[in-house]
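Take a look at the structure below.
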2 protein chains.
Amino acid sequence: MTEAVSRPTLEAVAARAGVSRATVSRVVNGGDGVREPLAERVRRAVEELGYVPNQAARSLVTRRHDAVAVVIAEPETRVFTDPFFALQLRGISKELTAHDNQLVLLLTEGRADHARVARYLAGGHVDGALVFSLHLDDPLPGLIHDAGVPTVFGGRPDWGADTRAADPGVVYVDCDNRGGARAAVRHLLDLGRRRVAHITGALDQTSAVDRLDGYRDVMTDVLGEYDPRLVEESDFTPSGGERAMRELLDRCPDVDAVFAANDLTALGALRVLRARGRRVPEDVAVVGFDDMVPVTEQADPPLTTVRQDIEEMGRLMARLLLRGLSGAREGTDTTAGAQEAPPSEVILPTTLIRRASA
Amino acid sequence: MTEAVSRPTLEAVAARAGVSRATVSRVVNGGDGVREPLAERVRRAVEELGYVPNQAARSLVTRRHDAVAVVIAEPETRVFTDPFFALQLRGISKELTAHDNQLVLLLTEGRADHARVARYLAGGHVDGALVFSLHLDDPLPGLIHDAGVPTVFGGRPDWGADTRAADPGVVYVDCDNRGGARAAVRHLLDLGRRRVAHITGALDQTSAVDRLDGYRDVMTDVLGEYDPRLVEESDFTPSGGERAMRELLDRCPDVDAVFAANDLTALGALRVLRARGRRVPEDVAVVGFDDMVPVTEQADPPLTTVRQDIEEMGRLMARLLLRGLSGAREGTDTTAGAQEAPPSEVILPTTLIRRASA
DNA sequence: GTGAAAGCGCTAACAT
DNA sequence: ATGTTAGCGCTTTCAC
């Protein structure tokens, strides 16, 4: 483990280049209004000294940090068993990097950590936050609202009984869970299936609720009504999918199709169907959600699913936040190139990917 | 997206408590040498004003950031298909949080990003770095060395031809890959198997190389020599495992056991074995590595594997780094409670977990 | 034990 | 176009 060494300052660069600190500062920050020969001299001095601006000093005066917090609330460990989280993070990271922003990761393990996160955000260490509000009734959105930090949510936040529900400033990005679910179920009905079951996700997450709603939409729409016995609650995990599938087969032996809330759940269902001697898709057609390629392509049979672009979702969240931040900084500029207020919600499209399972 | 508001300063707290800024500062930072009644008044003022120290101002003078960078180099996307990464991060996050340090995540997508990371680290934005040097011949260790940032590596770094190889200051944490591999292979031999194959991981990672070495150790040790035809190179992925298993079966139809470099690989092997009508473990016994519980327990049959505690590995890396940092700060203190120099390598133990596959 | 004062390295008015 | 200057909010000697 090496020792840190002291770094050259602006002052040192200025001395070496034979100019004032202000000039060096100008060059370092884009360099408008400095004549070329001088600028060049400064750049050489910077190079020679290996000068890197002290971010703390800079933040102290600019009140900007070029850093964004990513808050991931994961009381349960689901986040760590599917690659969802990693993909979002990658999208976010790419976008932030492209804009020279740093990513400060805040993982929470439960209520105890909420206060810590709220304090951190309120402390003005970062310019904004990207928050994955994974569970209903999560106090985090409220706390964050109070902290007054520009925030973009990942997934439709549930404001529940919270009175701040009406806040028009809330921005979030989500995929079209309901629409995707509709497409999945419609596809199964188009295949001629009539006893289409649904294995839900964890219903304390809006994504699961929305997918269930989409299922209901189509079932009632097409068949006039839906049989609640065809819906089994689960939790987005493979073992949850297994359990639910068994339940479903016992209760309604005549099911001829299953729409699973995500691919992992579908995997569990597939396993049970095979064990029970049901052929897929001949006897029972199966559709998943997410399209985690390593999962869907290697399922047996390969899984028909609703694709959402998770990485893009992360990237978009970051983009929206950064745009909002720069917009706020530049004030209410109404000229041609002005930033518009970010839309309060962005819903990414989903597409049905047909493979062998349905 | 809410607007950020200006926060109360030390000055404000001092005014409210009727003391000097210095006194407030003392109380806020542990409060030694301030008489209780005064300290209490200060604490109340802090509370009432909702004062949170400005980290930038503090860093400017202390030259500390209470922040640690986590660098994850992932040219390939393996990191995102298995939960390894997420688990490490969780361990790291827990430990950092416990010591009030922030986690700055630096994801790299290739060589182009290396310079960026090096610059960031050299820029003195963080007190130290935790680096996952996933691939051989990675220039990152060298760059980081030059940046002069206290660093702990995850996994034995490969210094290859790098002349800095001899640097005694390098600290890393790894699991006992070689020992774990030995245990796995020994177990298979104890079961009476003689044609034990090995599907390697990506051999540009030291973990894969070490596991292969462990396999060789035991095979030559027990059988006098090992048959290179029983070793098939792969890449830690399920599909890689499938491909390798097919190869192996074609080449050596008499294999009666397989040691796979990780659980995901074993999963692929299991699939092929089933497809080819080989019973597991009767015809072919299979052992994995990692013990990703959701994978191993739901494999069919449940997978015997070598367990490593990934989260603990993350936690330990963080602990080592923080200890090194505080040690460095406190200077060379030789009294009783002094920090010892962190060990240059920590190898975590592995354990064989017996399930049904071997 | 407590306060006064001097910066940490930088940016942004304001002069020139 | 460039230089001068005044802080940003905090910690930390140094007096008292």
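In what follows, chains carry the letters A, B, and so on, assigned in the order in which the sequence lines appear, proteins first and then strands, with residues in each chain numbered from 1.
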Taking only residues two or more places apart in sequence, or in another chain, which ones meet [X] in a side-chain hydrogen bond (donor to acceptor under 3.5 Å, both in side chains)?
| X | value |
| --- | --- |
| A/E48 | A/R16 |
| A/Y172 | A/E345 |
| B/E95 | B/R319 |

Any residue meeting salt bridge (Lys or Arg N to Asp or Glu O under 4.0 Å) with [X], in chain and number order, not counting sequence neighbours:
| X | result |
| --- | --- |
| A/R58 | none |
| A/R43 | A/E36, A/E40 |
| A/R63 | none |

Listed in order of residue number, which residues of residues 22-30 of chain A have a non-hydrogen atom at under 4.0 Å from DNA chain C? A/A22, A/S25, A/R26, A/N29
Does anything in residues 47-61 of chain B come within less than 4.0 Å of DNA chain C? Heavy atoms only, and list the residues if so. B/L60, B/V61
Test side-chain contact (heavy atoms from CB on, under 4.5 Å) on B/V42 and B/V34; report intermediate values, then the result. CA-CA 10 Å; B/V42 171; B/V34 177; 5.8 Å; no
Who passes side-chain contact (heavy atoms from CB on, under 4.5 Å) against A/V52, sequence neighbours left out? A/R7
Do the side chains of B/R44 and B/E47 get close enough for a salt bridge, i.e. N-O under 4.0 angstrom? no
So, A/R156 and A/D158, do they make that salt bridge, N to O below 4.0 Å? no
With no hydrogens and no angle check, is any side-chain donor or acceptor of B/D127 less than 3.5 Å from a backbone partner on B/D66? yes
Residues at least two apart in sequence or cross-chain that pass ring-ring contact (aromatic ring centres under 6.0 Å, His included) with B/F153, listed by chain then number, are none
Return the NE2 to CG distance between B/H114 and B/L143, rounded to the nearest 0.5 Å. 7.5 Å
Taking the nucleotide of DNA chain D with the closest heavy atom to each, which residue, A/R21 or A/A39, is nearer the 5' end? A/A39
Starting at atom NE2 of A/H65, determine the distance to atom C1' of C/dT11, rounded to an integer number of angstrom. 15 Å
How many whole angstroms separate atom CG of A/L10 from atom C1' of C/dA12? 13 Å
What's B/R63 touching, base or sugar-phosphate or nothing? Going by heavy atoms closer than 4.0 Å. sugar-phosphate
Start and end of the DNA chain D segment that chain A contacts, any atom under 4.0 Å from a heavy atom: D/dA1 to D/dG9
Terminal helix-axis angle for the helix from C/dG1-D/dC16 to C/dT16-D/dA1, with five pairs defining each axis and rounding to 10 degrees: 40°
